[in-house]
S.K.: 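What follows is a single structure, and I will ask about it in a moment.
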Amino acid sequence: MQRNRDIHTSNTACVAGGLLAGAASALGAQSLIASAMGWPQWSHPLALTGGGVAGLAVAASLTLCLRRLMRRTDRLIAEQRAYQTVTSATLAGAHAVAWGRVVGAHQLSEISPSVEQLLGYPSEAWLAPGAWHRFVLPEDAQSARQAYRDGTRGERPFEVTYRMRHQQGHVVHVRDRAAVVNTADGRRELRGLLQDITQENEALARVRSSETNFRGIFEQAAIGIALCDAEGRIERANQRLADIVGIDKADLPGRAFDALLAPTKKVPRSASAVAGETRRCTRPDGRELWVHVARSSRSGQPGAQGTSIVTVQDMTATVLTARALESEEQRLRTVLSTLGEGVIMRGADGQMLMHNTAAAQILGLSDEQMRGFHPGSQLVHFLREDGEAYDTGDLPPMQSLTDGEGHSGLIGIQRPDGRTRWLWAHSKAIANDEGTPTAVVTSMADITRLREAETRLRLADRAIDHSADAIMITSAEGLILRVNPAFTRVTGYTSDEVIGHTPALLRSGRHDAAFYATMWESIRRTGSWQGDIWNRHKDGSLFAERLSISAVRDGSGRLSHYVAVFSDVTEAREKEQRFAHMAQHDALTGLPNRSLMADRLERALSRAARDERAVALMYLDLDGFKAINDAMGHAVGDQLLQQVAKRLRQCVRDSDSVGRQAGDEFLVVIPDLEDGRQASQVAHKIIQTLASPLKLGERHVETSASIGIAIYPTDADNAETLLNRADTALYHAKDAGKNTFRYFTESMNAESEQRMRVEHLVRRALQTDALSIRFQPRQHLVSGDISAMQASCLWHDTLLGDIEPARFIGSTGDLELIRAVDEWTLDRACEQAAQWRAAGAQCPVAVRIGNRHFRLESFAPAVADTLSRHGLPGALLEIEFPERVLHDTDTVVTAALSRFTELGIRLAVAEFGTGYNTLTRLKQFGIQRLKMDRSLLTALNESDDQMAILRAIIDVGRHLKIDVMAEGLESDAQRERLVAAGCTHGQGGLLGPPMAADQARALLEGRSVSD
């Protein structure tokens, strides 16, 4: 403080010295002196005189002014020293520290010496630059600084609390009350009073902790608690009480407690019960409950005269449990009386204590006889299994009374009526606290019928083991339980190899699911099934068996077992099959004959009607066969028919049927079609296959076929009419010049002719290099950067002009041709990308590939070979494929996608948003781009729902870190809405049309390329 007083005195002297220096220039200080003395400037003597008189007047006035100023300064210094003395004493007594600093400065200008008592640091240390920041705890520094800044901006006093580190290392909690003061010299100073509140905080924390503990105990108590006033009204209650009485806790204060739980019945309290009473009450919601209520006085608490603490314990569960136990005991007694097994309880002396009705019935004794019955009596004689008499001490109940353990055994009895019964008895002793048996309970089950059944089973076992037919017994669930030796002879499996398994291990695979479904339906409906079935021997060979399956039910009618009896009829069956094959197949070609084909056609039509599918019937006739037969002989003709039959089988699926109708006429039945037009692919394949010369011995013979096609149900709804329509279409094919096919429907003929014409022209375009490659830029919708070049092929026809790939690829049904066009496009795109890269314009190329390629094992190796051949990194190739490829779980498809990921090829899903996709597979194969179908952009301006769909797709891509691109962008309005939705990349006429490779290169040279 002395230093602060010296500073203040020095400041005062500086003020006086400044005034004196100003007076030395009297002419320039007129207004200053006038202002200091309180004179009006217009009446000042200096304003009326001049020259020497003015100088004397100024000197006299200045002297008088300085004397008054010095006297006033001395008084102020004296008052300040007195004030500081009193303040220092006050602050020291209050453990407070006064401080001050200029607003905006980072160093204290003054601080009271009591700061050393508060924090242990001398006041000189506090006046050093950055002292406050060294003493305050780092975790409180930022918030405290902000509080000071906020308080300095206002005009009112403010308060800040934080923690500081004492010189000895412990933490001191302080509260600083501060305010901004405007000094006489125009400065703004921040002055404050720092006070130690550590003990205050600790005391407050103890109080809060105590209150928290009380609240926790009160609120978390397992019983309801209420604090009531002298009139019995609730002052405070816990949540448990509110739960018990069924009233909101906030509504309890002010209510009369006894009105909450008005008893409908008081339950008498036993002498051992705790203080209080148990009531049977009804809650306001009508629910009945039992509670125990206890009261205690609060009179020992200040101001609590006549008040009470009431506790409420919900006894409902206890009361209900007791009642349930009573009811359960009664039920057990009832069950015991009606139990089918006999139950007897004897005392340690062997005398009867209790028995049920079943026990008397089993032993053949009356109730009076049962009361006097004991093991030593002669009312009942006990027999061993061999028929000898049982020694009384060896009976299970007597053994249990002897050793306290449980004992069981088979016992025969001779009843008073002379009948012999066999019992299974189980005894268990009841012991006291010392472990001494005091009673024994014996249960008895009459197993006489079971023993008789066992005898019959032994006889049946011998019959089964010596049976010439194989016998298999299974559980109701179909698990094999037993087989006989004949089973081993027929199947090769021993009993150990099949028990626990199902009969499915014998399945041959020659019967479909429908066969077994029909068989089991018969068993469920009639209880049995008989028929012939093919099964597999242990060595893998097939054998035919004549099988009989019967369901076995127990006495209650419940299914318990299945019994299968079968014999090997393989040899007889093979003979039958040979005869049947000869009757249903053509002897020359081995194909199904007219009769069998008619049957298969009928079956195909029945399935198609059920499944709502289409069936194609092809009527095929060889062109010029009669001439070949006449010129080369019937032997060559027969060989020709055999070779044609072989080639026809190679052109169809396993599920299709090829048969010989008559002479050189054949039928082909193609079932399970979605569209009858699919038959044209098979017809085209047959024509191509037969176009190759046939080698017949040393000769090569050329032939062709004309085909008529009729479709069920569009052309006919029955087999006979369908055959006639196919025959009619065959004549049309002959009239059209042969070596072709015709549908019965003329509109389908025109479409097929157009498809064949397009396929022919495209195939020729590939051979003559009439296809060209076009590139369309893909751009960032905001920056305009090019991210890739979309490659597509263009077919230029001299008559039709330029044709887009969608037109000629979509119109052909030749899958080989489609693959050839896609492979040509991929090769030319990679070749061009490699050339751009060599010229310094490195830009990825995107190529659209059809979903059929991914099912070819050769596809992925072919792509890798193309990249290697052109020296193109995989990162500069992007393969687009339809969304449905992701749905295909075929291992070939999965392997292709994985291989492309290994090569670094970018993968993009086209037509995204038109079907359901599998998000996990998007991440599994590292898909880098989702290409939204152009149909989504077409409806973009028509509905807000469409915009919501776009946003959803874009959000999916963003969350999966997959770029989403819009295809078919044609207007600025579409671009603006796409950018608003968060889409970053687009492709379409607005951003640039498809262009030749040299135009694409020129565009790349003037633009940035980025992802």
Side-chain angles (χ1 to χ4, degrees), residues 222-223 266-280 290-294 311 313-363 365-380 382 384 390-411 413 423-447:
I223 61 175
K266 288 189 178 181
V267 182
R269 177 168 57 88
S270 64
S272 61
V274 297
E277 62 179 3
T278 300
R279 304 177 180 178
R280 179 180 176 183
W290 285 261
V291 295
H292 184 271
V293 181
T311 60
Q313 186 173 3
D314 189 350
M315 304 292 293
T316 306
T318 303
V319 173
L320 293 179
T321 300
R323 292 189 174 185
L325 289 175
E326 294 176 0
S327 177
E328 183 66 21
E329 181 180 357
Q330 183 61 37
R331 283 196 297 269
L332 288 175
R333 289 181 178 275
T334 303
V335 169
L336 188 62
S337 65
T338 59
L339 195 65
E341 285 191 356
V343 179
I344 295 175
M345 179 182 288
R346 301 180 183 277
D349 56 359
Q351 296 299 317
M352 182 72 66
L353 299 178
M354 185 271 293
H355 71 278
N356 67 349
T357 303
Q361 293 175 347
I362 291 173
L363 296 174
L365 302 176
S366 65
D367 288 341
E368 183 178 353
Q369 289 174 321
M370 286 295 298
R371 283 192 290 272
F373 172 69
H374 61 84
S377 67
Q378 296 299 314
L379 292 174
V380 176
F382 299 98
R384 295 182 180 275
Y390 236 120
D391 184 33
T392 303
D394 293 338
L395 292 172
M398 306 308 294
Q399 289 180 322
S400 294
L401 284 174
T402 300
D403 57 19
E405 302 292 333
H407 291 275
S408 301
L410 178 67
I411 301 175
I413 61 169
L423 313 178
W424 181 261
H426 177 74
S427 298
K428 181 68 176 178
I430 299 175
N432 56 20
D433 294 339
E434 289 77 21
T436 302
T438 59
V440 61
V441 177
T442 302
S443 63
M444 300 177 296
D446 189 341
I447 61 170

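Computed from a predicted structure; not experimentally measured.
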S.K.: Apply side chain to side chain contact (heavy atoms under 4.5 Å, CB included) to Thr318 and list each qualifying residue two or more places apart in sequence or on a separate chain.
M.R.: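 Applying side chain to side chain contact (heavy atoms under 4.5 Å, CB included) to Thr318 gives Met315.
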S.K.: Is there a side-chain contact between Leu320 and Trp290, using heavy atoms and a 4.5 Å cut-off?
M.R.: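 They are in contact (side-chain heavy atoms under 4.5 Å apart), so the answer is yes.
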S.K.: Measure the shortest side-chain to side-chain distance between Val293 and Arg279 over non-hydrogen atoms and say whether it is less than 4.5 angstrom.
M.R.: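 The answer is yes; the side chains approach within 4.5 Å.
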S.K.: Indicate the atoms forming the closest heavy-atom contact of Ile344 with Ala359, along with that distance.
M.R.: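 Heavy-atom minimum between the residues: CG1-CB, 3.8 Å.
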S.K.: Measure the shortest side-chain to side-chain distance between Ile447 and Leu410 over non-hydrogen atoms and say whether it is less than 4.5 angstrom.
M.R.: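 Answer yes - side chains close enough.
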S.K.: To the closest 0.5 Å, what do you measure between CE (Met444) and CG (Leu363)?
M.R.: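 It is 4.5 Å, given to the nearest 0.5 Å.
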S.K.: Might you point out which heavy atoms bring Arg371 and Met352 nearest each other, and give the distance in Å?
M.R.: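 Smallest interatomic distance, heavy atoms only, reads O-CB, 3.9 Å.
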S.K.: Checking Asp367 side chain against Ala360 main chain: does a donor-acceptor pair fall under 3.5 Å?
M.R.: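 Absent.
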S.K.: Please tabulate, one pair per line, all N/O donor-acceptor pairs under 3.5 Å involving side-chain atoms of residues 393-402, not counting sequence neighbours.
M.R.:
| unit_1 | atom_1 | unit_2 | atom_2 | d |
| --- | --- | --- | --- | --- |
| Asp394 | OD2 | Arg384 | NH2 | 2.9 |
| Gln399 | OE1 | His407 | ND1 | 3.4 |
| Ser400 | OG | Pro396 | O | 3.2 |
| Ser400 | OG | Glu405 | O | 2.8 |
| Ser400 | OG | Ser427 | O | 3.4 |
| Thr402 | OG1 | Met398 | O | 2.9 |

S.K.: Roughly how far, to the nearest 0.5 Å, is the CH2 atom of Trp424 from the CG atom of Asp446?
M.R.: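 So the CG of Asp446 and the CH2 of Trp424 are separated by 14.0 Å.
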S.K.: Roughly how far, to the nearest 0.5 Å, is CE of Met370 from CE of Met354?
M.R.: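 Between atom CE of Met354 and atom CE of Met370 there are 10.5 Å.
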S.K.: Applying side chain to side chain contact (heavy atoms under 4.5 Å, CB included), name anything that partners Val441, two or more places apart in sequence or on another chain.
M.R.: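 Side chain to side chain contact (heavy atoms under 4.5 Å, CB included) list for Val441, sorted by chain: Val343, Met345, Ile430.
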S.K.: Can you name the closest pair of heavy atoms from Thr316 and Asp314 and give their distance?
M.R.: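 In terms of heavy atoms, the two residues are closest at OG1-OD1, 2.6 Å.
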